[in-house]
Amino acid sequence: MSPGAAASAVSGLAGSPQEGAAPAPAIAPAAPAVPAAALSRDARRIYELSRDKLVQIRTLLRNSNTQASIGSGFFVSADGLIVTNFHVASQLALEPERYSGAYVTIDGQEGEVELLAFDVRRDLAVLRAKGLTSPAPVLEFRPAAEALAQGERIYSLGNPLDIGFAVTEGTYNGLVRRSFYPRIFFGGTLNPGMSGGPAVDDSGRVLGVNVAKRLDGEQVSFLIPAEFAQALVLRAAQAQPITEPAYDEVTRQLLVHQNLLTERFLQTPFQEQRHGKYLVPVPNDALARCWGSGRDPDFHALNLERTKCQADSDVVAGDFSTGTVRLSYEAYDAPTLGAARFARTYSQSFGNEPFLKRGNRRQTAAECTERYVDRGGLPLRAVVCMSAYRKLPGLYDMTVMAATINQSTQGVLARLDVHGIAFDNGLKLADRYLQAFRWEAAP
Amino acid sequence: MMPTLGLLEAFDRHGALLARVPITHWPVTVGRGLHCDLVLDDPFVAPLHLRIDRPVDAPRRVSVEVGETRNGAILHRKRHGSGGRFDWPDGTPLEIGRTRMALRLADTAIADEQVLPQFPWRTLATTTVLVALMAAAVLGSSWLEANEVSKYLKSLPGLLLGLVVMLGAWSGLWAIANKVFDGRLQFWRHVRIACAMYLAAEAMQVAANLAAFAFSWETLSRFAYLLISLVMAIGIYAHLAAVLPRRRAGLAWTVGAVVLLGVPAWLGTQWLDRMRLSNELYMSSLFPPSLRLAPAVPISQFLQETETLRGRLDRRLRNDGHADEDD
C-alpha cells in the first residue's frame with residue numbers, strides 16, 4: 001500500500017528565517033506590505049485602531065541571539081500579557097535553556113518576553129512582556145455571546161514573513177466542520193509570520209487568533225475562537241513564568257487530547273464501506289474526511305479502489321505534530337490475474353508500508369506484533385506496530401494493519417494510524433477497528 | 001645403452017611438471033645439490049634430500065632414506081624426518097618441501113589405454129537444463145510482477161539479454177580465475193554452479209516465505225536472508241573449489257569461517273544499529289489463502305499478545321542509543 005498521505009495540507013503560520021531569506025517576487029515589496037489604497041476604508045480604520053496593540057514575537061537562540069522563528073501576538077492586558085500561538089512559543093516551553101523570547105512593537109520597540117501558560121490542544125500561549133515602562137495598549141475580546149453572521153467582514157492582523165505589520169480583510173464563515181477543536185473558517189489570506197496575530201471584528205474586538213491555512217487552497221484560513229484565548233489569559237494571569245522544559249505539561253495536555261480522541265472514536269460507531277463483499281470500517285463523517293480514488297490505469301487486470309480518511313485532530317507538540325488519526329484502504333479485485341500473480345502484487349503492496357525502522361531523538365523505532373486473526377469467519381493478517389515518544393512518556397504512535405486473506409484474487413489492505421495515543425487507548429482503538437471488518441458470505 | 005628402470009617426476013603445488021628423470025640405476029638421489037640425480041630448485045628441499053633405492057633382496061619394494069633435512073618427507077600425511085627410512089608404495093605421491101614427487105617403475109603393469117572421452121552429452125544436458133531453469137525462474141518471477149501481457153512480452157528480450165550478460169559476466173570472471181590458478185577455463189562448469197546457486201537461493205526464499213505464511217512462522221520469514229546467505233556461501237565454495245581443486249579442504253574451512261564470523265558480525269551490527277536482528281518489521285509475503293495452515297485467533301487474544309510491545313518499547317527507550325539523533 002502506498003504511504004497514507006493526507007488528502008490536503010494544513011500549515012501553521014510561524015515563520016522561520018529560512019522562509020524569509022529568499023522572498024519570492026510576489027512578496028518582494030518592503031513595508032508597508034499592503035498598500036493602503038488597496039484596502040477598504042474599514043480595513044484602514046481597523047489597522048489604525050489596532051496597530052499599537054500588535055507585536056511580533058521572535059524566538060532567539062540564546063548563545064548567538066539569532067532569530068529562530070517568528071510569529072505575531074497582541075496585548076490583552078495593561079501589565080503586558082500577550083496572546084500568541086503555542087507553535088510560535090513552543091521552543092520557549094520545551095527548550096528554555098536554548099531559546100529566549102522577544103517582542104517587537106510596530107514602532108520598533110523591543111523587549112524580552114516570558115512564557116506563562118500554553119494550551120497545546122488549541123495551539124495558544126500567553127506571554128508577558130518584561131520591563132514595560134508604561135501600560136500596554138490592549139485589544140478587547142468580542143463577547144462569545146455576540147455571534148457573527150456568515151459572510152461578515154473580519155480582519156486579520158500580523159507580521160507576514162517578517163516584512164512588516166499588515167492587515168488582511170476576509171469573511172467570517174462559521175466554524176470548520178469536522179475540526180476536532182472549534183476553529184473559525186476565515187475566508188481571507190494568512191501568511192507565515194501571522195501566527196498568533198489577532199482577527200478582529202468591525203469594532204476592532206478580537207474574535208479569534210490566526211493559526212493556520214490550507215496549502216492547497218486560496219484564502220482558506222483558520223482562526224482559534226477568542227474564548228479559548230480568554231480562558232488561557234485568565235489562567236496565565238496567576239501563573240509563574242516557565243523556566244524549565246515543560247514536557248510534563250505538554251504530555252499532560254496531550255494525554256487529555258488522546259483521551260478525548262479515543263472517547264469520541266469509541267462512542268461514534270464506524271461506518272461500513274463496501275468493496276465487493278468486504279465491508280471495512282471508515283470513521284463517521286462527522287469525525288473525519290475521506291477521499292476515494294479508482295483503479296490504477298497502469299494495471300488493467302487489477303481493479304483497485306483506494307480510500308484515505310483523516311481526522312482533523314492534529315496538534316502541534318513542539319517541532320512536530322501529533323494527535324492525528326488516519327485510515328487508508330486499498331481494495332483489490334483481479335478475477336483474471338490468477339492466484340499466484342495476485343498474491344505477489346498483494347504481498348508487495350502489504351510490504352511497502354512506511355515505518356520508522358530506526359529510532360531518532362523524538363521517538364523509538366517501531367516494534368510490531370502480528371497474527372492471523374479471525375473476524376467473524378473473515379481471516380485477517382493483522383499487524384500492530386507502536387513507537388514510543390521519548391520526552392512524552394506514556395504516548396505512542398500506533399499503526400494497525402490488516403490484510404484480508406480469504407479470497408485468492410480479492411482482498412483489502414487496511415491501515416490505521418493513531419499518533420500520540422496512550423498504550424491502553426491504542427489497544428482499545430485497535431480492537432474496535434479490527435472488530436469492524438466484515439465479509440458477506442453468499443447466502 | 002642402459003635400460004630404463006623407472007621414471008621419477010617432480011610437480012609443483014599446482015600440479016605442473018617441474019622435472020622428469022629416467023632411472024637407469026639404483027639408488028637415485030633427489031635434492032638441490034648438483035650431484036643429485038634429480039636436481040630441484042625448491043628452497044625448502046635439502047642439498048641431498050632423498051636417497052631412493054630398490055633392495056636386491058626385496059625387488060618389489062622401493063625404500064627411501066631421508067637425508068640431512070629440516071623439513072623431511074611426507075608420505076600419506078606422515079612426516080619422516082632426517083635419517084628416516086620408509087617404503088614408497090608404487091603410485092603414491094611423496095612430498096618434499098613444496099614439491100610433489102611421483103615414481104613409475106618399469107616393471108609395473110601399465111594401465112589399459114583409455115578411450116578418448118565422448119562428447120559430454122550428459123554435461124551439456126545438465127548445463128542446458130540448469131540454464132533453462134534459471135531463465136524460467138527469472139522470467140517467471142518477472143511474470144508474477146508484470147502488469148500487462150503486452151508490456152511483459154516487450155520486456156522479454158531485455159530481460160533475457162540481462163540474464164545472459166549477468167550470467168556470462170559472473171561465470172566469465174570465475175573462469176578467468178580458473179585459468180589463472182588451474183590452467184583450465186571451465187566456463188561452463190561455473191555457469192552450472194551459478195545457475196544452481198541462483199535456483200537454490202530462489203527455492204530457499206520461496207520455501208521459507210511459504211512455510212512462514214502457512215504456519216505463521218514470522219521468524220522464518222524474518223531470517224530467510226540468513227538461509228539464503230548460506231546457500232550463496234555454498235555456491236561460492238563450489239566456484240572456489242573449481243578454481244583451486246587441490247585446496248578444497250582449506251577452502252571449505254575458509255568459507256565456513258567467513259560464514260561463522262560474518263553472520264554474527266552482521267547480526268551484531270544490526271543489533272547495535274537498530275536493536276533488532278532482522279530489518280523486516282513484519283511478515284509481508286502473502287500466498288493464496290488455501291495455503292494457510294495456521295489458525296486465526298480471536299482478536300482479543302492477539303491484542304493481549306500485543307501487550308508485550310509495552311516492555312519492548314520500554315527497553316528501546318532505555319537502550320536503543322538513538323536519543324540524540326536527528327530524524
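Chain identifiers are assigned alphabetically (A, B, ...) following the order of the sequence lines, protein sequences preceding nucleic acid strands; residue numbering begins at 1 within each chain.
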Can you give me the closest heavy-atom contact between [X] and [Y], atom names plus distance?
X	Y	result
Tyr282(B)	Met401(A)	CZ-CE, 3.2 Å
Ala339(A)	Pro288(B)	CB-CG, 3.8 Å
Tyr372(A)	Pro295(B)	CB-O, 3.7 Å
Asp431(A)	Ile299(B)	OD1-CG2, 3.5 Å
Arg276(B)	Ala366(A)	NH2-O, 2.7 Å

Test log, rule salt bridge (Lys or Arg N to Asp or Glu O under 4.0 Å), inputs Glu370(A) and Arg222(B): CA-CA 12 Å; Glu370(A) 53 188 318; Arg222(B) 220 156 281 170; 2.4 Å; yes

Could you have a look at Cys385(A), Ala382(A), Ala403(A), Pro393(A) and say which one has the most heavy-atom pairs with chain B under 4.5 angstrom? Ala382(A)

Using a cut-off of under 4.5 Å on heavy-atom pairs, state which of Cys368(A), Ser408(A), Ala343(A) scores highest against chain B. Cys368(A)

Between [X] and chain B, which part of the residue has a heavy atom less than 4.5 Å away: side chain, backbone, both or neither?
X	value
Tyr389(A)	backbone
Gln435(A)	both
Ser387(A)	backbone
Arg390(A)	both
Asn406(A)	backbone

Rounded to the nearest 0.5 Å, how far apart are [atom1] of [X] and [atom2] of [Y]?
X	Y	atom1	atom2	result
Met386(A)	Arg312(B)	CE	CZ	11.0 Å
Leu286(B)	Thr404(A)	CG	OG1	9.5 Å
Leu144(B)	Thr345(A)	CG	OG1	8.5 Å
Asn319(B)	Thr364(A)	CG	OG1	12.0 Å

Under the side-chain contact (heavy atoms from CB on, under 4.5 Å) rule, what do Val384(A) and Phe302(B) come out as? Steps first, then yes or no, please. CA-CA 9 Å; Val384(A) 172; Phe302(B) 168 59; 3.6 Å; yes

Heavy atoms of other groups near [X] [atom1], more than 12 under 6.0 Å:
X	atom1	answer
Glu244(A)	CD	no
Asn259(A)	CG	yes
Lys154(B)	NZ	no

Are Thr306(B) and Thr369(A) linked by a side-chain donor-acceptor pair shorter than 3.5 Å? yes

Just so I understand: if I count every heavy-atom pair under 4.5 Å between each of [options] and chain A, which residue has the most?
options	answer
Pro289(B), Ser300(B), Ser141(B), Ala294(B)	Pro289(B)
Leu313(B), Asp320(B), Asn279(B)	Leu313(B)
Arg292(B), Arg274(B), Met275(B), Glu280(B)	Arg292(B)

Under 4.5 Å from a heavy atom of chain A, the part of Gln301(B) involved: side chain

Below 4.5 Å from any heavy atom of chain A, which atoms of Asp273(B) appear? Answer side chain, backbone, both or neither. both

Side chain Arg341(A), main chain Trp143(B), donor-acceptor under 3.5 Å: yes

Heavy-atom side-chain contact between Phe423(A) and Leu309(B) under 4.5 Å: yes

Looking at Arg315(B), Arg316(B), Arg310(B), which hits side-chain hydrogen bond (donor to acceptor under 3.5 Å, both in side chains) with Glu367(A)? Arg316(B)

The test is side-chain contact (heavy atoms from CB on, under 4.5 Å); show your working for Gln348(A) and Ser284(B) and say whether it passes. CA-CA 7 Å; Gln348(A) 284 181 344; Ser284(B) 62; over 6 Å; no

